[in-house]
4 protein chains.
Amino acid sequence: MNDAQPVKKVSRIQQRNRELILDAALEVFSKQGFRGATLDQIATQAGLSKPNILYYFEGKEDIHVTLLNQLMDTWLDPLRRIDPEGDPLEELMRYMHLKLDMSREYPRESRLFANEILQGAPRMLPHLETGLKQLVDEKAAIITGWIDAGKLAPVDPRHLIFSIWATTQHYADFDAQVQILMPGGGANSDGARGYLDTLFRKVLTP
Amino acid sequence: MNDAQPVKKVSRIQQRNRELILDAALEVFSKQGFRGATLDQIATQAGLSKPNILYYFEGKEDIHVTLLNQLMDTWLDPLRRIDPEGDPLEELMRYMHLKLDMSREYPRESRLFANEILQGAPRMLPHLETGLKQLVDEKAAIITGWIDAGKLAPVDPRHLIFSIWATTQHYADFDAQVQILMPGGGANSDGARGYLDTLFRKVLTP
Amino acid sequence: MNDAQPVKKVSRIQQRNRELILDAALEVFSKQGFRGATLDQIATQAGLSKPNILYYFEGKEDIHVTLLNQLMDTWLDPLRRIDPEGDPLEELMRYMHLKLDMSREYPRESRLFANEILQGAPRMLPHLETGLKQLVDEKAAIITGWIDAGKLAPVDPRHLIFSIWATTQHYADFDAQVQILMPGGGANSDGARGYLDTLFRKVLTP
Amino acid sequence: MNDAQPVKKVSRIQQRNRELILDAALEVFSKQGFRGATLDQIATQAGLSKPNILYYFEGKEDIHVTLLNQLMDTWLDPLRRIDPEGDPLEELMRYMHLKLDMSREYPRESRLFANEILQGAPRMLPHLETGLKQLVDEKAAIITGWIDAGKLAPVDPRHLIFSIWATTQHYADFDAQVQILMPGGGANSDGARGYLDTLFRKVLTP
DNA sequence: TATGAATGAGTCTTCATTCAT
DNA sequence: CATGAATGAAGACTCATTCAT
């Protein structure tokens with residue numbers, strides 16, 4: 001039970017440092033964008049030396065791509081979970097709330113993604129064209145089915161999805177603006193939740 | 001009547017070149033972000049030499065700030081036009097449609113703005129804190145007045161505004177994604193207009 | 001007669017600096033090889049700043065390739081001049097002496113070339129496979145014709161050419177060794193000329 | 001009889017690893033030159049880790065110097081074997097053929113040596129100035145004696161040696177070029193042997 | 001012996017900006 | 001007004017070598 005596990009120990013340092021680096025990079029990339037970020041900033045943020053960063057990743061781009069790949073999975077998970085067997089309205093409302101939660105909990109990831117799409121998604125096009133498109137097509141079909149069954153108001157499913165993305169991610173991506181414009185600096189963030197609940201419930205209810 | 005007017009002639013060239021540069025810079029900044037853009041790209045795009053660019057502007061930052069300043073005016077114009085005397089629902093619906101038009105006609109401006117806010121608005125904070133905040137406060141008060149008068153459904157006016165911004169600008173800022181996900185590459189863009197009209201009409205109708 | 005020629009003046013600076021750089025690069029590359037040479041050394045040798053070097057050339061490789069391209073022409077010129085109509089023995093002896101002269105006058109070029117071939121000619125293969133091969137084939141045919149006409153002793157023309165190259169370039173490429181081994185430090189360099197004259201005259205005379 | 005012999009065992013591993021490293025280093029140095037080679041390449045080629053390489057050698061330079069030292073002995077052996085008592089012409093012809101054999105069998109060593117001399121022999125000057133020079137002087141005296149005895153045609157013995165070196169090593173050092181220029185890619189390598197035999201026999205025969 | 005991890009000193013290259021005309 | 005030439009500062013990446021185990 002007290003077996004030495006030197007191999008795993010080594011692996012743990014690797015694991016730990018890769019995570020340190022990815023977290024630091026997420027911080028920096030999400031704030032500065034890919035071109036604006038420097039390895040120096042990432043290294044400082046991670047508490048490692050610059051060459052040590054390059055011991056764990058092949059280069060700046062490698063770090064960025066690794067982040068984006070990891071992100072896609074987490075990011076699309078709520079959409080994947082929309083259950084064709086569930087109650088249509090509640091499934092979609094739950095999806096919207098999950099997206100809002102993610103914007104609140106993972107604003108850096110949201111901004112990283114926004115940055116990438118804004119630049120034309122140079123490093124994500126393949127991901128979007130395969131994984132994302134397929135998933136959206138599938139879920140759009142489900143929504144259409146619900147509408148045809150009279151369980152939802154008739155709306156274009158893709159524009160519906162866009163509007164959920166746009167309104168929820170707005171609180172992460174445009175946070176600087178939100179903080180300025182909300183009385184009390186946006187501290188009372190439940191306003192958004194209530195408003196968006198009303199908004200989407202009204203548009204979806206048949 | 002045949003007086004030479006060198007000063008004005010110069011001024012015209014100046015005017016023209018400043019516009020050339022700003023247009024080129026908008027193109028480049030909106031695609032690459034501030035840090036990702038280079039003076040070389042802007043110069044090439046403008047058809048001018050690099051030192052000549054710096055004859056008209058003090059530096060890269062100066063160009064960027066000038067663009068943002070110019071942008072703010074145009075960008076906020078539709079909001080300013082919301083008429084306290086008009087019909088509440090129609091005023092807000094018109095505002096939303098104007099914003100959607102702007103996203104369609106001026107996507108570069110939208111992306112430039114999005115880039116800036118994403119980075120934390122380092123070069124626009126003053127603008128936001130004074131001009132924008134004041135305007136939003138003022139219009140929020142108007143909306144609140146309309147709600148209190150029973151002419152609109154009761155919604156938080158600021159979150160309403162955010163959702164209008166988010167949903168309309170989405171089509172400019174996340175265009176790369178929209179193009180991939182919409183059947184036919186998003187060519188039929190009237191779907192968005194119809195959907196958003198329904199969305200906001202439903203949430204606003206008392 | 002004293003017309004100002006501003007355009008040419010500009011061109012002259014370019015011309016002059018490109019030559020400065022190429023000469024400096026020849027010095028450095030021929031001594032250190034491609035990988036061993038640094039832009040710093042070339043810049044110092046040329047009396048220019050490092051970024052200024054990169055104003056005139058696209059990079060280290062560009063300088064190297066430019067040098068090699070220029071070199072090929074000069075280097076093959078003596079071979080090109082072998083005249084099918086001339087006296088066979090004298091044509092070949094003249095060629096050998098020209099090659100020896102070039103080793104004496106342009107030892108840096110010889111070493112640059114030797115370095116490149118030693119590394120497997122990574123940046124010259126196309127040149128060798130087209131220009132050089134064609135030229136050697138052509139001259140080999142001429143030599144074969146002379147041999148068939150009984151005007152030269154029967155030798156393999158390609159190995160003959162190789163031996164001329166090897167023996168003459170040796171005095172440039174292996175100069176460090178020659179200097180050590182020749183009494184008087186190889187100052188009396190006419191020994192080589194006399195020896196090679198005898199060597200090739202004996203092997204070529206029918 | 002069952003005594004453990006850890007020291008000798010260790011020594012054997014040491015011996016084996018030093019040889020692995022030197023062979024790998026020869027491969028890499030001869031292809032890339034000293035500056036162009038990296039410890040990583042040598043380690044990979046040797047199948048050892050980089051720090052392990054540095055356990056056996058003090059550094060990159062140490063490996064290189066060790067290689068050159070080992071090389072000198074082997075390399076000069078054929079020259080040493082020229083027998084003052086033997087038949088002059090046959091001794092020298094045998095020497096030439098031995099050198100040609102070595103170029104064929106040990107091209108990496110030839111290139112390593114050529115690289116070093118090309119760079120001005122920075123790490124071999126002492127060797128050349130003592131061992132090599134003394135040996136060449138000695139053999140040159142023998143050749144001179146043979147010439148004075150009328151057993152060889154009168155040629156400068158040092159230039160004779162240079163030409164033997166140059167012509168035979170050419171097939172190793174300039175192999176990339178030879179492969180391109182010889183019909184059939186130089187597969188039929190006996191042409192060189194016959195040609196050089198003729199060449200030197202003619203120049204040496206009194 | 002052996003190696004995963006780490007780094008200081010380069011090395012190439014980019015770029016906003018300045019110089020000189 | 002305009003631009004060819006030039007550069008200091010910074011940035012990504014390499015590599016021989018050292019550290020820690």
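Every chain is numbered from 1 and lettered A, B, ... according to where its sequence line falls, protein lines coming before strand lines.
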Check whether any side-chain nitrogen or oxygen of [X] sits under 4.0 Å from OP1 or OP2 of [N], and answer yes or no.
X       : N     : result
C:Gln14 : F:dA5 : yes
D:Tyr55 : E:dA2 : no
A:Asn17 : E:dA6 : yes

Salt bridge (Lys or Arg N to Asp or Glu O under 4.0 Å) filter on A:Asp40, not counting sequence neighbours, yields A:Lys50
Sorted by chain and residue number, the side-chain hydrogen bond (donor to acceptor under 3.5 Å, both in side chains) partners of D:Glu58 (sequence neighbours excluded) come out as none
Sorted by chain and number, sequence neighbours left out, side-chain hydrogen bond (donor to acceptor under 3.5 Å, both in side chains) with B:Ser30 holds for none
Residues pairing under ring-ring contact (aromatic ring centres under 6.0 Å, His included) where one sits in residues 36-56 of chain C, two or more places apart or in two chains, turn out to be none
Between its two end axes (five pairs each) the helix from E:dA2-F:dT21 to E:dT21-F:dA2 turns, nearest 10 degrees, through 30°
Partners meeting side-chain contact (heavy atoms from CB on, under 4.5 Å) with [X] (sequence neighbours left out):
X       : value
B:Thr74 : B:Met102
D:Thr44 : none
B:Leu54 : B:Leu39

Roughly how many Å is it from [atom1] in [X] to [atom2] in [N], rounded to a whole number?
X       : N      : atom1 : atom2 : value
A:Gln32 : F:dG11 : CD    : P     : 11 Å
B:Arg18 : F:dC1  : CZ    : P     : 12 Å
B:Tyr56 : F:dT3  : OH    : C1'   : 12 Å
C:Ile13 : F:dT3  : CD1   : P     : 17 Å
D:Phe57 : F:dT17 : CZ    : P     : 13 Å

Under a 4.0 Å heavy-atom cutoff, the residues of residues 34-54 of chain D touching DNA chain F are D:Ala37, D:Thr38, D:Leu39, D:Lys50, D:Pro51, D:Leu54
Anything under 3.5 Å between a donor and an acceptor, one on a side chain of residues 118-127 of chain B, the other on a protein residue two or more places apart or in another chain? List them.
{"residue": "B:Arg123", "atom": "NE", "partner": "B:His64", "partner atom": "ND1", "Å": "3.1"}
{"residue": "B:His127", "atom": "NE2", "partner": "B:Asn69", "partner atom": "OD1", "Å": "2.4"}

For residues 23-39 of chain B, the salt bridge (Lys or Arg N to Asp or Glu O under 4.0 Å) pairs (sequence neighbours left out) are B:Asp23-B:Arg108, B:Glu27-B:Lys31, B:Glu27-B:Arg108
In numerical order, the residues of residues 60-68 of chain D whose heavy atoms come under 4.0 Å of DNA chain E are none
Open item on the list: Side chains of B:Ile13 and B:Asn17, heavy atoms from C-beta outward: is any pair under 4.5 Å?
Closed with: yes
inquiry  = What I want to check is whether the side chains of D:Gln45 and D:Gln41 have a donor and an acceptor closer together than 3.5 Å.
reply    = no
